[in-house]
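Encoded as structure tokens, the structure appears first; notes follow it.
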Amino acid sequence: MEKTALGSFYGSADFPIEWREGERELFWVLDDLHCPNPLSPMFFDIGGWWLTCDHMFRRFGTPFASDWIAKEINGYLYTAAIPADPSVQAESSEYNARYVPRVPDETAFAGRIGPYLGSVLPHYAASFMDWWRDRLRPEIERNFAYLDSFDMDGADLTALAVLFEDAIDVHDRHWKIHWMINFSQFSATLALNGAIAELGDVDAALPGRLQSSIDDRNWDSIEALWQMKEEIKSDPELRSAFAADNAAGVVAALAAQERGRRFLSERLDPYRAEFGRKAVWSHEFVYPTWFENPAPIIEAVRGYLETDYDYPSTLAAVRADLDGAVAELLAAAPDGAARQQLQATLDLSLGMNPLTPDHHFYIDQGTNARLRLVLVAIGRKLAAAGTIDDPEDVMFLRYNELRAVIGDAASLDARALIGDRRDAREAAFEIRPPDWVGTASEDALAFPYLTLWGFPEKFHRPRSESKDQIVGLAASAGIAEGPARVVESLEEFDQVQAGDVLVCRMTNPAWVVLFTKISGLVTDAGGMAAHPAVVAREFGLPAVVGTSNATQRITTGQRVRVNGATGVVDVLA
């Protein structure tokens with residue numbers, strides 16, 4: 001059945017694209033939600049969230065897709081859903097060979113498999129928190145314990161090669177669990193939003209407010225930072241050490257005093273061990289983790305000291321807003337069975353709210369970070385043997401190239417490959433990739449997950465003609481006005497001042513340390529259910545997300561006004 005195209009982009013002189021047969025017909029979205037920067041070859045091969053999507057669609061019997069695939073274009077990650085539609089998949093033999101799922105019955109019965117999804121989803125929603133508590137999270141923690149306790153420095157290269165394969169297996173297993181979390185939450189949220197829609201005239205911001213979590217690993221991390229801040233605040237010796245100009249100076253000052261050394265061993269090191277396996281961009285291997293480099297932890301604590309951040313009152317405000325949203329919703333429901341049903345649906349959805357930050361902590365951050373640490377350990381052995389120049393160079397080899405070098409260092413010219421790929425990645429930073437490529441159709445835009453990227457709204461929204469106005473998606477209500485602070489890397493975190501409006505490509509949990517200082521948020525990427533929108537609502541920060549180009553159009557120091565209710569950012573001066 002031929003699909004009507006709403007638009008297409010197959011490349012240009014500024015953004016050339018090489019297409020394989022069958023790819024042009026798909027709608028490819030720039031994955032700036034997870035990977036806003038050019039990819040490393042190693043992450044593309046073994047680290048991507050898309051690598052287990054065929055398992056997800058097979059497990060749930062989805063009628064809307066059979067796989068979710070990735071394509072690297074000019075250094076950037078684009079992904080596309082493969083429709084579970086035999087007429088589409090029969091368009092070419094190569095397309096069929098590459099993309100038909102491993103279990104063909106889902107494709108053959110695409111029109112009849114929908115009731116299966118509808119029947120199992122409520123069971124996942126009702127059961128998942130028990131599975132998570134009793135079976136799945138303990139499994140993840142056991143895998144982490146194995147990887148964390150492995151003596152990587154004492155192991156030889158062969159042992160590390162086997163550990164590398166174990167870490168990949170762990171990664172793939174954890175991402176399969178991730179999709180179980182995702183579908184379970186999706187079912188609970190879908191049911192709640194449906195119940196809210198039946199009430200009629202309800203505040204449009206209410207569903208977003210009901211997504212807040214007040215008991216999760218993200219808040220645990222923030223509380224631990226606040227506790228460090230409180231200890232420093234009451235101790236003159238520690239305060240003097242934290243008055244140093246930068247994180248390195250703070251660590252040196254702490255190491256030079258007995259009290260400071262005790263703080264490092266009793267506070268900083270345990271925090272690194274528990275919360276440090278994350279990076280400024282979690283969906284990559286090239287960025288050092290906080291476990292390896294504690295500078296972001298030090299800068300976060302310095303920020304808490306500067307603003308005298310009050311964790312208890314912040315959490316209390318989130319709890320009060322969530323309680324208020326619940327009361328507002330229930331007040332809109334008539335007494336009787338309808339309200340009881342709404343309460344049951346609400347309780348199920350609220351109970352799963354912690355899974356949003358927790359799956360980031362355990363999977364997006366924790367699992368990817370541990371795979372990076374194994375790669376760096378291999379890189380140290382190869383660098384010591386003179387095979388490569390720097391341990392980080394392994395990120396610029398492909399998976400099988402690294403295995404070839406481990407088996408025989410002379411099997412390929414690793415240095416030349418690495419040099420070329422480092423140069424290509426640096427050049428890619430100068431490119432601003434388009435939000436999507438390929439062919440857009442109503443069916444493609446209806447793929448449920450595209451809401452995370454702000455589609456279909458981003459596709460249909462009008463562009464502002466004013467150079468002083470940027471249009472995005474209204475993510476968190478309120479108005480904030482202040483100086484813009486454009487941040488693109490970890491090294492720029494310490495430049496954020498109290499009251500700044502943070503402008504960035506995207507956020508993940510590693511960025512939350514900045515949310516205690518800023519007055520508003522603007523991102524290039526994301527939709528209403530993406531990380532920056534959810535966390536901005538939790539912190540009560542006005543936010544506009546999914547602008548596509550705010551980091552290009554706003555410069556640090558400009559005064560901006562963020563309207564989180566209309567999705568408009570005005571550049572005032």
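A quick note: this is a predicted structure, and the numbers were derived from the prediction, not measured.
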Practice problem: Please determine if R372 and E284 form a salt bridge, counting it only when a charged side-chain N lies under 4.0 Å from a carboxylate O. | Solution: no
Self-check item: Test salt bridge (charged side-chain N to carboxylate O under 4.0 Å, His left out) applied to D32 and R505, step by step
Solution: CA-CA 7 Å; D32 51 2; R505 292 189 180 185; over 6 Å; no
Self-check item: Any donor-acceptor N/O pair, Q469 side chain to V571 backbone, under 3.5 Å
Solution: no
Practice problem: Run the ring-centre check on W281 versus W511 and record whether the distance is less than 6.0 Å. | Solution: yes
Quiz item: Are the ring centres of W132 and Y362 closer than 6.0 Å?
Solution: yes
Self-check item: R24 side chain to G438 backbone, donor-acceptor under 3.5 Å
Solution: no
Quiz item: Are side-chain N/O atoms of Y287 and N37 paired as donor and acceptor at under 3.5 Å?
Solution: yes
Self-check item: Donor-acceptor pair, side chain of D216 and main chain of W219, under 3.5 angstrom
Solution: yes
Quiz item: Is the distance between the ring centroids of W453 and F27 under 6.0 Å?
Solution: no
Practice problem: Please answer whether the main-chain N or O of I479 pairs with a side-chain N or O of N563 as donor and acceptor at a distance below 3.5 Å. | Solution: no
Exercise. Evaluate the ring planes of W68 and W179, with Trp represented by its six-membered ring, and classify them as parallel (under 30°), tilted (30 to 60°) or perpendicular (over 60°).
Key: tilted
Quiz item: With a 3.5 Å cut-off and no angle check, do the side chains of S282 and D364 form a donor-acceptor pair?
Solution: no
Quiz item: Regarding T367 and H171, is there a side-chain donor-to-acceptor distance under 3.5 Å anywhere?
Solution: no
Practice problem: Before giving the answer on side chain to side chain contact (heavy atoms under 4.5 Å, CB included), spell out for V544 and L473 the whole-Å C-alpha distance, their side-chain angles and the decisive distance to 0.1 Å. | Solution: CA-CA 5 Å; V544 174; L473 303 175; 5.9 Å; no
Practice problem: Could you tell me whether R398 and D45 have a side-chain N and a carboxylate O separated by less than 4.0 Å? | Solution: yes
Quiz item: Parallel, tilted or perpendicular: which describes the rings of H34 and W49, with under 30° parallel and over 60° perpendicular?
Solution: tilted
Quiz item: Is it true that atom CG of D215 has more than 12 heavy atoms of other residues, nucleotides or ligands lying nearer than 6.0 Å?
Solution: no
Quiz item: How about V286 and R425: do any of their side-chain heavy atoms sit closer than 4.5 Å?
Solution: yes
Quiz item: Hey, are N218 and H360 close enough side-chain-wise for a donor-acceptor pair under 3.5 Å?
Solution: no
Quiz item: Should D31 and L39 be marked as a side chain to side chain contact (heavy atoms under 4.5 Å, CB included) after you check the CA-CA gap, both sets of side-chain angles, and the distance that decides it?
Solution: CA-CA 11 Å; D31 186 21; L39 287 181; over 6 Å; no
Quiz item: Side chain of D524, backbone of T547: donor and acceptor closer than 3.5 Å?
Solution: no
Exercise. Take F128 and H123, measure what side chain to side chain contact (heavy atoms under 4.5 Å, CB included) needs, and give me the verdict at the end.
Key: CA-CA 8 Å; F128 190 82; H123 181 70; over 6 Å; no
Practice problem: For the pair N368 and W175, evaluate side chain to side chain contact (heavy atoms under 4.5 Å, CB included) and give the outcome as yes or no after the intermediate values. | Solution: CA-CA 10 Å; N368 284 354; W175 276 95; 3.8 Å; yes
Quiz item: F44 and ring pair (Phe, Tyr, Trp, His ring centres under 6.0 Å): which partner among Y76, W50, F285?
Solution: W50
Quiz item: Within the distance-only criterion (no hydrogens, no angle test), does the side chain of R339 pair as donor or acceptor with the backbone N or O of L330 below 3.5 angstrom?
Solution: yes
Practice problem: Would you tell me whether Q211 and R537 have side-chain atoms, one donor and one acceptor, within less than 3.5 Å of each other? | Solution: yes
Quiz prompt | Between F183 and F60, ring centroids under 6.0 Å | solution = yes
Practice problem: For S349 and L346, indicate whether the former's side chain and the latter's backbone hold a donor-acceptor pair under 3.5 Å. | Solution: no
Practice problem: Test T52 against D172 for side chain to side chain donor-acceptor pair (under 3.5 Å), laying out the working first. | Solution: CA-CA 7 Å; T52 56; D172 290 353; over 6 Å; no
Practice problem: Assert yes or no for the condition that the ring centre distance of W436 to F9 is strictly below 6.0 Å. | Solution: no
Quiz item: Any sub-3.5 Å donor-acceptor pair from R432's side-chain atoms to S548's backbone N or O?
Solution: yes
Practice problem: For E401 and R421, run salt bridge (charged side-chain N to carboxylate O under 4.0 Å, His left out): C-alpha distance rounded to whole Å, both residues' side-chain angles, the deciding distance at 0.1 Å, then the answer. | Solution: CA-CA 13 Å; E401 291 169 350; R421 288 173 181 163; 2.6 Å; yes
Quiz item: Where the side chain of H359 meets the backbone of T356, is there a donor-acceptor pair that is under 3.5 Å apart?
Solution: yes
Quiz item: Between T523 (side chain) and A525 (backbone), is there a donor-acceptor pair under 3.5 Å?
Solution: yes
